[in-house]
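Report on the structure given below.
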Amino acid sequence: MDRRFFTKTLGAAALALAGLPMAAQAQDVTLRLHQFLPPVATVPAQILKPWGERLAEASDGRIAIQHFDAMSLGGRPPELIDQARDGVADMTMTLVGYTPGRFPRTEVFELPFMMTDPVATSLAFWEMVESDFQASEYQDVKILGAWVHGPGLVHTADPVNSLEDMQGKTLRGPTRVITDLLGELGATPVGMPLPAIPEALSKGVINGTVIPWEVTPAVRLTELVTNHTEFAGDEALYTATIVLAMNKAKYDALPDDLRAILDEESGAKLSAFAAEVMYAADAPARQIAVDAGNTIVTLDEAEVARWKEAAQPVIERWVAEMDGKGIDGQALIDQARGLIDAKTN
């Protein structure tokens, strides 16, 4: 072969490669993340967006997360898990309990007074996702993170100073287990996603709700109700389970090196980080209620014990329901409690 021809050919090829966009050379990936909270809320602003920035940095810009907040891709919050499954979005963040009864094993972490430390509980949740739930409940999606928020408490128009004060209250609950709990405590429960709370309160559909402090600023709750009931000793009446789910085909189609980066920044690392951030956001959100002059009631240990006793039938019913599904509910409780205890510092 003529050397001059060979040299020219190599030079032309090099120029052609140099002119190709980086996406063709490096297989850049843009992933759409859809979720139900407004962009100012703790989870999108302080968890999901920083997580996306870490992915971009770790991948030298080859992974980009496009954030779609407040259901901006359409649909309703209960549809988010299926949007990840069906590829409407590449990733979705949602409360597991927005699809009642569909992920029964996960409900173990929502049982009354189960959560004692949000970070330890989130690490326990993630471990059970890896060892069981991914294959048994989430086989249609890839779970990237699994966590819980800080202690759930009661926020009402009229004060709740004792168990008896729950009578006659119409309270919003986020999930099937928690609405069952509210009913057992004497309230009339109404299930609804968090974004519906302000309108429901304004229209008198409900006169209170249960949510953690952290998310109250996002729905301006301290302007809508002025009484807040906490539990002594950092006891948590409840917590809700949260997952970041990804479309399986999209996950499997990632280049090996990018999938490894995604895995490294997800899992236990993301789950613990999310729980830490949400828990840390409780205090400044609580201060907003203090500064507004709202009434904050803290039930003492004797009163908390009464609430625990009143909540016991919820746990018993859940175990019986699990047994009816061929799931050993008591074993799940024992496993979850053991993992939470082991991971509590």
Side-chain angles (χ1 to χ4, degrees), residues 35-51 53 69 93 95 109-110 112-126 145-157 159-161 171-174 178 194-195 197-198 201 208-242 244 269-301 303-304 307 340 343-345:
Q35 56 88 28
F36 62 91
L37 289 165
V40 296
T42 303
V43 173
Q46 299 182 39
I47 298 171
L48 298 178
K49 290 181 175 70
W51 175 72
E53 290 165 4
D69 304 318
M93 184 282 296
L95 259 69
F109 291 104
E110 296 183 355
F113 299 99
M114 170 66 76
M115 195 274 285
T116 56
D117 174 273
V119 176
T121 302
S122 296
L123 289 171
F125 182 16
W126 174 254
W147 67 92
V148 301
H149 57 63
L153 60 149
V154 183
H155 310 264
T156 49
V160 172
N161 296 298
L171 300 181
R172 170 265 181 187
I178 298 158
L194 182 136
I197 291 174
L201 282 169
T209 184
V210 291
I211 54 173
W213 279 117
E214 164 269 321
V215 78
T216 55
V219 292
R220 304 178 73 91
L221 187 70
T222 56
E223 299 172 22
L224 297 168
V225 298
T226 58
N227 295 278
H228 315 275
T229 301
E230 300 177 324
F231 297 76
D234 290 327
E235 292 278 7
L237 174 65
Y238 80 94
T239 193
T241 51
I242 303 163
L244 179 62
K269 181 178 180 179
L270 171 59
S271 302
F273 168 68
E276 287 169 358
V277 170
M278 291 188 81
Y279 192 30
D282 279 347
R286 184 183 188 276
Q287 190 61 44
I288 293 172
V290 172
D291 293 343
N294 289 7
T295 300
I296 299 178
V297 174
T298 301
L299 303 180
D300 63 24
E301 291 182 4
E303 183 63 21
V304 172
W307 287 59
I340 291 169
K343 296 175 186 300
T344 300
N345 294 327

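Residues meeting the side chain to side chain contact (heavy atoms under 4.5 Å, CB included) test with T239, sequence neighbours left out: M115, V148, H149. In this structure, the ring-ring contact (aromatic ring centres under 6.0 Å, His included) partners of W307, at least two apart in sequence or on a different chain, are F231. Considering only residues two or more places apart in sequence or on other chains, D69 meets the salt bridge (Lys or Arg N to Asp or Glu O under 4.0 Å) condition with K49. Residues satisfying the side chain to side chain contact (heavy atoms under 4.5 Å, CB included) criterion with L224, sequence neighbours excluded, are P198, L201, S202. Listed by chain and residue number, E110 satisfy the side chain to side chain donor-acceptor pair (under 3.5 Å) test with T241 (two or more places apart in sequence, or in another chain). Take A281 and apply the side chain to side chain contact (heavy atoms under 4.5 Å, CB included) test, not counting sequence neighbours, and it matches T42, E214. Residues forming a side chain to side chain contact (heavy atoms under 4.5 Å, CB included) with E223 (at least two apart in sequence, or on another chain): R220. For W213, the ring-ring contact (aromatic ring centres under 6.0 Å, His included) partners at least two apart in sequence or on another chain are H155, H228.
Judged as a salt bridge (charged side-chain N to carboxylate O under 4.0 Å, His left out), the pairs with a partner in residues 271-296 (not counting sequence neighbours) are, in order, E230-R286.
Separation of atoms CG (L194) and CG (L221) is listed at 9.0 Å; rounding is to 0.5 Å. Put simply, CG on L48 and CH2 on W51 are 7.5 Å apart, with the number rounded to the nearest 0.5 Å.
Taking each heavy atom of A275 and V119 in turn, the nearest pair found is CB-CA, 3.9 Å. In plain terms, the two heavy atoms of Q46 and F273 that are nearest each other are O-CZ, 3.5 Å. Here the closest non-hydrogen pair linking A41 and A218 is CB-CB, 3.9 Å. The minimum heavy-atom distance linking G150 with Y279 is given by the pair CA-CD1, 4.2 Å.
N294 is listed as a side-chain neighbour of T226, based on a closest heavy-atom distance under 4.5 Å. Counting only heavy atoms from C-beta outward, the side chains of P44 and Q35 approach each other to under 4.5 Å. Residues I211 and P174 are not in side-chain contact: their nearest non-hydrogen atoms beyond the backbone lie 4.5 Å or more apart. Within the 4.5 Å cutoff, the side chain of V160 has no heavy atoms near those of the V297 side chain. Between I288 and T216 there is no side-chain heavy-atom pair separated by less than 4.5 Å. Put simply, the side chain of V215 reaches to within 4.5 Å of the side chain of L37, judged on heavy atoms. At least one side-chain heavy atom of I340 sits under 4.5 Å from a side-chain heavy atom of F109.
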Next item on the list: Take W126 and L270 through the side chain to side chain contact (heavy atoms under 4.5 Å, CB included) test and state the conclusion after the steps.
Entry: CA-CA 10 Å; W126 174 254; L270 171 59; over 6 Å; no

Item checked: Stepwise side chain to side chain contact (heavy atoms under 4.5 Å, CB included) test for I242 and M278 -> CA-CA 11 Å; I242 303 163; M278 291 188 81; 3.9 Å; yes

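With R172 contributing its side chain and V210 its backbone, the two residues share a donor-acceptor pair below 3.5 Å. Counting only distance, with no hydrogens or angles, the side chain of Y238 and the backbone of G173 share no donor-acceptor pair below 3.5 Å.
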